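Residues take their numbers from the sequence shown, with the count starting at 1. Note that the coordinates shown come from a computational prediction; the quantities given were computed from them, not determined experimentally.
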Amino acid sequence: MEQPNLITLDRGDAQLHGTVSGTGPTVVLLHAGGEERSVWAPVAAALPLRSVAYDLRGHGSSTGVANRLQPLAADVTAMIRREPAPVVVVGASLGGLAAIASLGESPQDVAGLILVDVVPDPDAAKVRAWLDVRGLRDHRAELVEDIFEHSHELLAAAANLAVPILLVRGGPSSPLGDPEVERFRAANPAVVVTRVPGAGHLVARDAPDELARIIADQASLWLAG
């Protein structure tokens, strides 16, 4: 079995460490807040594509401060530009929001965007409650509030994205509700929605094989087109 390659992306104020696996067209994998790139390892192993997964700044082995969304979005832009085009971007939760902000500001040769259980303007009360139950909000309070402060801008950016979008929803335990999803689809009617009922919010952790199949099928269609 081919061994993954380790890479580093120098962002000046941060060193982003990543893992490259597989061959073929590239899928950039962006993890959720509070997680690390290792969560993507089972997904990457099941993908018939080349995958690139970084620790976001302030996460895992990457350095830098993650207290605002904009630097994370700029990092995503740099990740994409490092790869041969076209690429497919997969963003879970925080990674998905950073991807929306990145693609909304900088036109890039991206074949499509897969959002994993995240929308541009999530229900703030439900998300705060979900984070509080898991003891996660205190560690990222400034970043969480920055995201909520700019949620309307994120929704506007997502509404105007020229790339196709697939939203992969988790099951009943996810904090993402139908009203937020329908608001997203109303803003961008091209958004397609699928669901992994047996997964929670962290779909890559709960159902990696199913998520890998969804990514592979959708990425293959976009890249062929």
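For Asp209, the salt bridge (Lys or Arg N to Asp or Glu O under 4.0 Å) criterion is met by no residue, not counting sequence neighbours. Residues satisfying the side chain to side chain contact (heavy atoms under 4.5 Å, CB included) test with Val118, not counting sequence neighbours, are Leu97, Leu115.
Each of Glu210, Glu36, Glu35 was evaluated against Arg205; a single residue qualifies, Glu35, per the salt bridge (Lys or Arg N to Asp or Glu O under 4.0 Å) test.
Taking the side chain as every heavy atom from C-beta outward, Leu94 and Leu143 approach each other to under 4.5 Å. Here the side chains of Phe184 and Leu155 are in contact, with some heavy-atom distance below 4.5 Å. Between Leu69 and His150, every side-chain heavy-atom pair lies at or beyond the 4.5 Å cut-off. Looking at Arg183 and Val119, their side chains never come closer than 4.5 Å, going by heavy atoms from C-beta outward. Residues Val181 and Leu176 have side chains in contact (heavy-atom distance under 4.5 Å, counting atoms from C-beta outward).
Among all heavy-atom pairs drawn from Leu16 and Ser62, the shortest one is CA-OG, 3.3 Å. When all heavy atoms of Leu167 and Asp117 are compared, the pair lying nearest together is CD1-N, 4.1 Å.
Within the 3.5 Å criterion, the main-chain N or O of Gly177 finds a donor-acceptor partner in the side chain of Glu180.
Taking 4.0 Å as the cut-off between side-chain N and carboxylate O, Glu145 and Arg128 count as a salt-bridged pair. Taking the charged nitrogens against the carboxylate oxygens, Asp75 and Arg11 do have a contact shorter than 4.0 Å, which makes a salt bridge. Taking the charged nitrogens against the carboxylate oxygens, Asp178 and Arg185 have no contact shorter than 4.0 Å, which rules out a salt bridge.
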N/O donor-acceptor pairs under 3.5 Å from side chains in residues 217-225, not counting sequence neighbours:
| residue | atom | partner | partner atom | Å |
| --- | --- | --- | --- | --- |
| Asp217 | OD2 | Arg213 | NH1 | 3.1 |
| Ser220 | OG | Ala216 | O | 2.7 |

Begin from the C-alpha positions of Ser93 and His201 and carry the test side chain to side chain contact (heavy atoms under 4.5 Å, CB included) through to its verdict. CA-CA 8 Å; Ser93 197; His201 177 57; 3.0 Å; yes
